[in-house]
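Sequence positions, counted from 1, serve as the residue numbers for this chain. In listed order, ligands and their atoms are each counted from 1. Just so you know, these numbers use all the heavy atoms, side chains as well, and skip hydrogens, waters and symmetry mates.
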Amino acid sequence: MAKARIAVIGAGLMGHGIAQVFALAGHEVSIHDSVAANLDSAKARIRANLRDLGDDLSAVERVHPTADLAAAVREADYVVEAVLEDLPLKQKLFVEIERNVRPHTILASNTSVIPITQIMADLRDRSRALGTHWWNPPYLVPLVEVIGTQWTSLDAIDWTVALHKDAGWREAIALVERGVCDAETVDTVIKASFGRRLAVLGPLENADLVGTDLTLAIHKTVLPDIDNRAGPSPYLEGLVAKGKLGFKSGEGFRAWSAEAQAALRAKVLQHLKKARVGDKA
Ligand SMILES: NC(=O)c1ccc[n+]([C@@H]2O[C@H](COP(=O)([O-])OP(=O)(O)OC[C@H]3O[C@@H](n4cnc5c(N)ncnc54)[C@H](O)[C@@H]3O)[C@@H](O)[C@H]2O)c1
């Protein structure tokens with residue numbers, strides 16, 4: 001696939017990692033964040049990741065931070081948004097992005113759980129809008145789920161899947177909004193995503209790692225559809241109400257000392273790096 005111009009909006013945990021993957025695959029990547037400190041540190045964080053993994057450090061030269069949203073997206077073939085998990089913020093942002101992109105540009109959101117139909121509801125052209133769900137850390141978990149809506153054109157989905165496969169990922173799974181997939185696909189998704197982490201990161205450790213507040217936000221959206229209980233666990237709500245937010249407060253489902261947090265993060269990264277070496281063998 002020809003090299004594309006990528007714009008990543010949001011330079012946080014996910015955004016800088018997504019930019020890193022595309023830059024390493026040879027694409028030119030502009031990256032934008034509304035918080036100067038997060039934008040200014042993006043290249044240094046990417047460089048540190050590349051160094052840690054023994055990847056080509058020159059990739060960082062293809063990453064171009066800009067504080068100007070319109071400038072970030074103006075020439076892009078593909079825009080992926082990774083700002084906070086907040087529906088009004090994402091809706092407003094995409095309307096602004098659409099005003100500044102070219103007619104063919106594909107618009108993607110990396111939302112964890114917000115329906116793509118809601119995020120893209122106010123766009124003039126919804127046929128080029130979709131979801132791409134990366135896993136943390138984006139440069140180590142080899143799965144990106146591509147989520148179409150009833151409006152998304154098949155061309156947009158095909159192009160997006162090709163873009164991500166070209167970036168070195170072994171599988172990219174297109175799910176339509178009412179998603180139907182076969183058993184092999186389910187296994188592939190699980191093995192290439194959280195299955196990779198399960199040997200060293202149990203589900204409640206993961207809830208503490210990402211934050212019980214994010215876990216609560218996910219449960220609020222997902223549980224009504226997959227469980228008879230129409231809401232999150234009262235136990236989880238109690239943790240958040242008591243300020244037990246996981247790593248960030250030192251306690252979630254379990255107590256986490258700074259040393260225990262660092263040890264778990266190191267263990268997860270070590271495990272994922274080993275899996276990646278296995279992939280290349
Ligand atoms: N953390 C995960 O494991 C994970 C996994 C998959 C998807 N996601 C999703 O990815 C998105 C980003 O999550 P994250 O963990 O990287 O969050 P984060 O808090 O690390 O980063 C969000 C970034 O967005 C920036 N931002 C906020 N408002 C902005 C605006 N108006 N314009 C530009 N930038 C703005 C913030 O300054 C911050 O740097 C969320 O939608 C989240 O649900 C997260």
Side-chain angles (χ1 to χ4, degrees), residues 7-21 29-46 49 63 65-73 76 79-100 107-116 118-120 129-147 164 169 172-173 175 189 192-194 196-197 201 203 205-222 245-248 252 264-265 268-269 272:
V8 179
I9 310 304
L13 188 66
M14 297 303 290
H16 90 283
I18 293 170
Q20 177 181 328
V21 172
V29 185
S30 61
I31 185 163
H32 165 77
D33 200 291
S34 56
V35 175
N38 297 351
L39 187 63
D40 294 346
S41 64
K43 286 184 80 161
R45 283 179 282 142
I46 291 171
N49 295 340
V63 177
T66 171
D68 180 346
L69 174 66
V73 302
V79 179
V80 54
E81 165 275 315
V83 304
L84 305 176
E85 187 75 337
D86 177 306
L87 176 59
L89 172 68
K90 288 184 192 285
Q91 285 174 323
K92 205 169 138 246
L93 198 57
F94 273 105
V95 169
E96 180 68 21
I97 290 169
E98 192 182 37
R99 268 195 220 115
N100 290 286
L107 309 181
S109 172
N110 184 51
T111 177
S112 294
V113 291
I114 303 172
I116 303 301
Q118 292 182 19
I119 294 173
M120 307 300 184
L130 42 76
T132 52
H133 180 255
W134 296 67
W135 294 72
N136 182 41
Y139 46 88
L140 282 174
V141 183
L143 179 80
V144 180
E145 293 158 289
V146 178
I147 305 127
H164 290 80
W169 278 188
I173 308 302
L175 300 174
V189 168
S193 56
F194 64 86
R196 287 232 163 180
R197 300 188 302 217
L201 187 69
E205 284 174 327
N206 186 56
D208 283 351
L209 192 147
V210 302
T212 54
D213 49 347
L214 177 58
T215 305
L216 177 60
I218 291 169
H219 283 203
K220 276 185 170 159
T221 304
V222 172
L245 302 180
F247 277 21
K248 71 185 84 167
L264 182 57
R265 285 185 202 280
V268 173
L269 278 177
L272 293 172

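- Smallest separation of non-hydrogen atoms from Phe94 and Ala108: CZ-O, 3.4 Å.
- The shortest N/O to N/O separation between Asp33 and ligand 1 falls below 3.5 Å.
- Checked against His16 for a side chain to side chain donor-acceptor pair (under 3.5 Å), the options Asn49, Asn38, Asp33 give a single hit: Asn49.
- The backbone N or O of Trp134 sits less than 3.5 Å from a side-chain atom of Asn110, completing a donor-acceptor pair.
- With atom 42 (C) of ligand 1 as the reference point, the heavy atom nearest to it among Gly131, Gly211, Ser112 is part of Ser112.
- Annotation: atom 30 (C) of ligand 1 to nearest protein heavy atom, Ser34 OG, 3.4 Å.
- Heavy atoms only, all atoms of each residue included: His32 and Ala67 are closest at CE1-O, 3.2 Å.
- The option from Thr111, Leu84, Asp86 that lies nearest to atom 27 (C) of ligand 1, judged by heavy atoms, is Leu84.
- The two atoms that bring Met120 and Leu130 nearest to each other are CE-O, 3.7 Å, heavy atoms only.
- Taking every heavy atom of His133 and a limit of under 4.0 angstrom, the matching atoms of ligand 1 come to 6 (C), 7 (C).
- No side-chain donor-acceptor contact under 3.5 Å links Thr212 to the backbone of Asp208.
- At a distance under 4.0 Å, no protein heavy atom can be found next to atom 17 (O) of ligand 1.
- With values rounded to the nearest 0.5 angstrom, Glu85 atom CD is found 3.5 Å from Thr111 atom OG1.
- Close approach to Asn38 involves these atoms of ligand 1, each under 4.0 Å from a residue heavy atom: 36 (C), 37 (O), 38 (C), 39 (O).
- For ligand 1, one of its N or O atoms has an N or O atom of Leu13 under 3.5 Å away.
- Checked by distance only, ligand 1 and Leu93 stay at 3.5 Å or farther apart across all their nitrogen or oxygen atoms.
- Contact atoms of ligand 1 toward Asn136: 3 (O) (distance under 4.0 Å to a heavy atom of the residue).
- Between Ile9 and Ala72, the shortest heavy-atom distance links the atoms CD1-CB, 4.4 Å.
- Inclusion of Val83 in the set of residues having an N or O under 3.5 Å from an N or O of ligand 1 is warranted.
- Counting heavy atoms under 4.0 Å from ligand 1, residue Leu89 touches it through the side chain alone.
- Residue Lys90 has at least one nitrogen or oxygen atom sitting less than 3.5 Å from a nitrogen or oxygen atom of ligand 1, judged on distance alone.
- Here atom 21 (O) of ligand 1 lies nearest to Gly12 when heavy atoms of Gly12, Ala42, Ala11 are compared.
- Looking at Asn110 next to ligand 1, an N or O pair under 3.5 Å apart turns up.
- Proximity of a side-chain donor or acceptor of Glu81 to a complementary backbone N or O of Val83 within less than 3.5 Å is detected.
- Among all non-hydrogen protein atoms, the one lying nearest atom 2 (C) of ligand 1 is Met14 SD, 3.7 Å.
- Near Val35, with a cut-off below 4.0 Å to any heavy atom, the atoms of ligand 1 are 37 (O).
- Of the options His32, His16, Glu85, the smallest heavy-atom separation from atom 41 (O) of ligand 1 is shown by Glu85.
- Close approach of ligand 1 to Trp134 is summarised as follows: ligand atoms under 4.0 Å from at least one heavy atom of the residue are 5 (C), 6 (C).
- Counting only heavy atoms from C-beta outward, the side chains of Leu87 and Ile119 approach each other to under 4.5 Å.
- Looking at every heavy atom in both residues, Ala42 comes nearest to Ala11 through CB-CB, 4.2 Å.
- When every heavy atom of Thr221 is checked against every heavy atom of Val113, the shortest pair comes out as CG2-O, 3.2 Å.
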